[in-house]
S.K.: 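For reference, the structure I am asking about is given below.
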There are 2 protein chains.
Amino acid sequence: MDDAGKDGVMAPAGGRAGRGRITVRDVAREAKVSVATVSRALSDDPTIARETRERVLEKAKEMGYAPNLFARGLITRKSGIVALLANNITNPFYPEVTVKLTRRLQEMNLHTMLISWEDSVEHSLPALRQIAPDMVVVLAATMTPDFLKHFQESETPIILFNRYVTGARASVVCCDNEAGGALVAARLAAAGHRRPAYIQGLATASTNVDRMRGFLGGCEAAGLPTPDAASGGDFTYEAGYDGMKALFARAPSTDAVFCGNDIVAIGAMDAARCELGLRIPEDVSIVGFDDIAMAAWPSHDLTTVRQPMNAMIDRTIAEITRLQKREPGRPEQHFLPGRLMIRGSARLPETLRP
Amino acid sequence: MDDAGKDGVMAPAGGRAGRGRITVRDVAREAKVSVATVSRALSDDPTIARETRERVLEKAKEMGYAPNLFARGLITRKSGIVALLANNITNPFYPEVTVKLTRRLQEMNLHTMLISWEDSVEHSLPALRQIAPDMVVVLAATMTPDFLKHFQESETPIILFNRYVTGARASVVCCDNEAGGALVAARLAAAGHRRPAYIQGLATASTNVDRMRGFLGGCEAAGLPTPDAASGGDFTYEAGYDGMKALFARAPSTDAVFCGNDIVAIGAMDAARCELGLRIPEDVSIVGFDDIAMAAWPSHDLTTVRQPMNAMIDRTIAEITRLQKREPGRPEQHFLPGRLMIRGSARLPETLRP
DNA sequence: CTGAAAGCGCTTACAG
DNA sequence: CTGAAAGCGCTTACAG
């Protein structure tokens with residue numbers, strides 16, 4: 001006799017005997033149907049009678065029913081979870097992507113499992129195996145073959161965001177970094193710069209490699225000498241700061257510096273001003289990549305290539321939607337164009353000067 | 001007859017007939033025990049024979065077994081998931097906490113579900129109800145009574161990190177913001193400042209309120225006039241930039257400005273230099289709160305109160321560990337002391353000047 | 001110390 | 001169109 005309100009009596013949401021949440025059984029009892037019917041109503045099964053579905057749905061809502069992700073996942077073999085592998089916290093670009101992507105996934109009723117690690121990305125494998133996410137999005141991590149192999153085996157689709165590796169069976173959503181680098185070279189050449197240089201971020205990252213390649217190619221196309229581009233450090237302020245000092249020790253006549261990303265560029269600017277006594281852009285032009293919020297702040301007013309973050313997120317969501325429909329279909333690779341944001345850290349071409 | 005290798009034959013990890021992962025049944029078959037015994041071995045059940053456990057564990061490892069979180073969660077009613085509610089991406093303090101906390105949780109074999117939202121925090125309730133996390137950590141969100149009520153009802157422990165609300169049944173881990181504000185006041189007074197001001201962050205946030213209260217109290221204790229502290233905007237660069245301009249329009253003789261946090265302070269510094277033509281610290285001292293990485297960069301060299309981030313994370317982990325042992329125990333509230341980081345944006349006391 | 005059995009809350013063929 | 005039944009992969013009293 002612990003089953004109060006067995007008739008049409010409106011049972012309050014929390015009125016059940018046992019502790020714990022409302023289940024399909026509770027809803028079935030109240031709506032006077034079987035649990036199977038409740039399940040069908042909830043999943044928009046086309047075979048259910050319109051009227052029945054409405055009644056069940058209403059009851060469910062009234063009782064504050066929420067499906068149990070674990071029970072559902074166990075039977076459907078879909079977790080409703082997207083694993084987001086993220087590590088880089090020195091570049092504000094990534095937190096912003098993380099939060100925006102998470103919000104979009106929530107709208108699709110998908111949950112974001114955040115995974116981070118130290119040292120090697122493979123340290124995140126145990127967590128990934130336990131969760132068995134429907135999909136993995138990797139933000140700016142350096143992949144290893146062993147790591148990628150795991151996903152081939154488990155048939156978990158993987159989306160590489162902002163970096164890519166060749167030969168992997170993975171979707172890719174990237175800015176077209178090479179075109180972006182070329183854009184910068186053309187612009188600097190047009191403004192009359194003659195001694196370009198590139199300060200690297202993480203040497204092995206595809207972003208760094210592509211930006212540098214595009215920049216070197218663009219400089220060559222414009223008839224400029226090959227830029228000084230000493231081996232890289234990392235995508236950090238310190239790398240930019242130290243890189244700038246080292247650069248001017250080697251090549252003091254440098255008049256234009258393109259940097260691996262905005263954080264590196266800001267480090268380079270600070271070194272130019274605080275250590276080298278250089279004026280920007282009179283003595284040296286500096287250009288970054290990303291267009292993080294700081295780039296627009298007056299203290300740096302950084303000319304940079306804006307990554308099409310929103311378009312990249314849109315593409316990622318589209319790819320996730322596509323992958324959800326278990327059709328095989330080869331993973332797609334997308335490279336979206338960036339846009340040069342003209343600010344005060346680089347000299348303007350003659351024709352554009354006031 | 002789909003059951004290959006039924007004898008002692010070493011079955012390769014992926015050698016089962018069906019697609020999909022290895023389960024307790026597979027391990028049980030290979031180890032020649034029941035699934036119950038496998039389960040006991042995996043969960044360090046004390047009633048299992050030492051030798052049996054070792055054999056099972058070895059087999060499990062050999063076969064690459066990983067427990068299914070969903071099946072386990074369904075039966076134990078513990079999800080192994082900590083929900084992390086985070087929204088603020090303008091302040092790098094939070095991404096850093098997010099990543100560090102996630103790593104620590106992973107070490108404890110807990111998973112981090114990242115939840116973000118727009119507008120009201122209550123928009124995250126549907127996701128929370130589906131996941132049913134073991135615990136919720138809230139990073140810097142403005143709570144509402146309705147939202148907190150949900151957790152009381154579902155008996156999900158909640159930890160407020162870096163902000164708190166009074167009267168809620170929630171654990172709290174915070175910097176002692178009031179003491180921090182007082183520290184700043186004392187320091188500025190000792191350095192001979194006479195016209196202090198405070199630029200607010202988000203007016204309703206406990207961090208803002210406490211820092212301001214501590215600062216005003218400290219000024220009074222030091223015999224300084226009550227600081228100008230116009231109504232706040234938000235914890236943003238723009239709030240600092242605009243707040244500084246407005247402040248000097250109202251009170252041009254201000255000689256020391258304490259800001260709601262570092263981002264606000266950096267905005268204030270940029271406004272001082274770029275808009276007001278003021279030298280820092282000769283014309284005006286500026287102090288922040290948080291000690292984000294940028295604060296130490298030469299371009300701003302910001303004197304600030306460092307939040308004890310690692311200690312706060314340690315406390316949070318300790319609280320999570322405590323809460324995992326379903327003992328009731330009232331939620332604990334911890335306020336950890338910050339530390340003044342002396343840099344170049346604030347004048348030094350006479351006795352300390354070179 | 002170990003195994004057989006029940007059950008967590010769902011979904012999905014299979015009958016009717 | 002709806003219901004009864006099986007089953008997803010685990011854990012945990014309950015016997016032995």
Side-chain angles (χ1 to χ4, degrees), chain A residues 16 18-57 59-60 63-81 109 129-132 134 154 326, chain B residues 16-57 59-60 63-81 109 129-132 134 326:
Chain A
R16 295 164 56 255
R19 77 246 123 74
R21 52 203 281 185
I22 288 122
T23 73
V24 274
R25 268 190 64 204
D26 301 316
V27 178
R29 179 170 19 79
E30 293 294 317
K32 302 192 193 312
V33 291
S34 70
V35 293
T37 300
V38 173
S39 175
R40 288 191 189 102
L42 258 25
S43 62
D44 265 338
D45 188 311
T47 79
I48 196 175
R50 190 193 163 77
E51 191 220 356
T52 315
R53 182 180 55 207
E54 275 164 16
R55 182 159 44 92
V56 172
L57 252 31
K59 261 296 180 239
M63 299 172 72
Y65 170 78
N68 182 321
L69 189 72
F70 281 21
R72 180 178 280 178
L74 194 55
I75 194 87
T76 61
R77 296 166 175 288
K78 299 189 72 175
S79 61
I81 291 175
N109 213 2
R129 306 188 55 168
Q130 265 191 41
I131 298 164
D134 293 342
S154 66
R326 296 217 177 274
Chain B
R16 295 164 57 253
R19 77 247 122 76
R21 51 204 281 185
I22 289 125
T23 73
V24 273
R25 269 191 63 203
D26 302 316
V27 178
R29 180 173 14 83
E30 293 294 316
K32 301 192 193 314
V33 291
S34 70
V35 292
T37 300
V38 174
S39 175
R40 289 194 188 98
L42 259 24
S43 61
D44 265 337
D45 188 312
T47 79
I48 196 174
R50 192 194 161 77
E51 191 219 354
T52 314
R53 181 181 56 206
E54 274 165 16
R55 183 159 43 91
V56 172
L57 252 30
K59 261 293 180 239
M63 300 173 73
Y65 170 78
N68 182 320
L69 188 72
F70 281 21
R72 179 178 282 179
L74 195 56
I75 194 87
T76 60
R77 295 167 177 287
K78 298 189 75 177
S79 61
I81 291 175
N109 212 3
R129 306 189 54 169
Q130 264 190 42
I131 299 164
D134 293 343
R326 296 218 178 273

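Below, chain A is the first sequence line, B the second, and so on; all start at residue 1. Fair warning: this is a prediction, and the values are worked out from it, not measured in the lab. Computation of the quantities below employed the complete heavy-atom set of this structure, encompassing side-chain atoms and omitting hydrogens, waters and symmetry-equivalent molecules.
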S.K.: With a cut-off of less than 4.0 Å, is there a side-chain N or O of B/Arg72 near OP1 or OP2 of C/dC8?
M.R.: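 Indeed not, no polar side-chain atom of B/Arg72 lies that close.
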S.K.: Is a donor on one side and an acceptor on the other found under 3.5 Å between the side chain of B/Arg129 and the backbone of A/Tyr65?
M.R.: no
S.K.: Can you measure from CG (A/Leu42) to OG1 (A/Thr37) and round to the nearest 0.5 angstrom?
M.R.: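 Going from the CG atom of A/Leu42 to the OG1 atom of A/Thr37 covers 11.5 Å.
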S.K.: Report the distance from atom CD1 of B/Ile75 to atom P of C/dC10, rounded to the nearest whole Å.
M.R.: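 From B/Ile75 CD1 to C/dC10 P: 14 Å.
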S.K.: Any chance you could measure B/Asn109, atom CG, to A/Gln130, atom CD, to the nearest 0.5 Å?
M.R.: 4.5 Å
S.K.: Given pairs defined as Watson-Crick or G-U wobble with both distances under 3.5 Å, what dot-bracket annotation applies to DNA chain D, with ( ) intrastrand, [ ] crossing, | other strand and . unpaired?
M.R.: |||.||||||||.|||
S.K.: So, does B/Arg21 get its side chain near the phosphate of D/dG9, meaning an N or O under 4.0 Å from OP1 or OP2?
M.R.: no
S.K.: Roughly how far, to the nearest 0.5 Å, is CZ of B/Arg55 from NZ of B/Lys59?
M.R.: 9.5 Å
S.K.: Mind calculating the distance between CG (B/Asn68) and P (D/dG7) to the nearest angstrom?
M.R.: 18 Å
S.K.: Is any side-chain nitrogen or oxygen of B/Thr52 closer than 4.0 Å to OP1 or OP2 of C/dT2?
M.R.: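 True: B/Thr52 side-chain N/O within range (under 4.0 Å) of C/dT2 OP1/OP2.
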S.K.: State plainly whether the residues B/Arg53 and B/Asp44 are in salt-bridge range, i.e. N to O under 4.0 Å.
M.R.: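 A salt bridge links B/Arg53 with B/Asp44.
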S.K.: Using atom CG of B/Asp45 as one end and atom C1' of D/dT12 as the other, report the distance to the nearest whole Å.
M.R.: 9 Å
S.K.: Starting at atom NZ of B/Lys32, determine the distance to atom C1' of C/dT2, rounded to an integer number of angstrom.
M.R.: 16 Å
S.K.: How many whole angstroms separate atom CZ of B/Arg77 from atom P of D/dT12?
M.R.: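 So the CZ-P distance, B/Arg77 to D/dT12, works out to 12 Å.
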S.K.: B/Thr76 side chain: which of D/dT12, D/dG9, C/dC10 is closest?
M.R.: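 The nucleotide sitting nearest to the side chain is D/dT12.
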S.K.: Roughly how many Å is it from CD in B/Glu54 to P in C/dT2, rounded to a whole number?
M.R.: 12 Å
S.K.: With a 4.0 Å heavy-atom cut-off, tell me which residues in residues 33-44 of chain B come close to DNA chain C, sorted by residue number.
M.R.: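 Going residue by residue through residues 33-44 of chain B, the ones with a heavy atom under 4.0 Å of DNA chain C turn out to be B/Val33, B/Ser34, B/Ala36, B/Thr37, B/Arg40.
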S.K.: Counting C-beta onward and ignoring hydrogens, is there a side-chain heavy-atom pair between B/Leu69 and B/Arg72 closer than 4.5 Å?
M.R.: no
S.K.: Starting at atom CZ of B/Arg129, determine the distance to atom P of C/dC10, rounded to an integer number of angstrom.
M.R.: 12 Å
S.K.: Is the backbone of B/Thr47 close enough, under 3.5 Å, to the side chain of B/Arg40 for a donor and an acceptor to pair up by distance?
M.R.: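 Absent.
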S.K.: Among residues at least two apart in sequence or on other chains, which ones pass side-chain contact (heavy atoms from CB on, under 4.5 Å) with A/Val35?
M.R.: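 side-chain contact (heavy atoms from CB on, under 4.5 Å) list for A/Val35, sorted by chain: A/Val24, A/Arg25, A/Ala28.
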S.K.: Can you tell me how far C1' of C/dA4 sits from CZ of B/Arg25, to the nearest Å?
M.R.: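 Spelled out: CZ on B/Arg25 to C1' on C/dA4 is 14 Å.
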S.K.: State the CD1-CG distance between B/Ile75 and A/Leu74, to the nearest 0.5 angstrom.
M.R.: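 The CD1 atom of B/Ile75 sits 10.5 Å away from the CG atom of A/Leu74.
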S.K.: Nearest to the side chain of A/Leu74, heavy atoms from C-beta on, is which of D/dC10, C/dG9, C/dT2?
M.R.: C/dG9
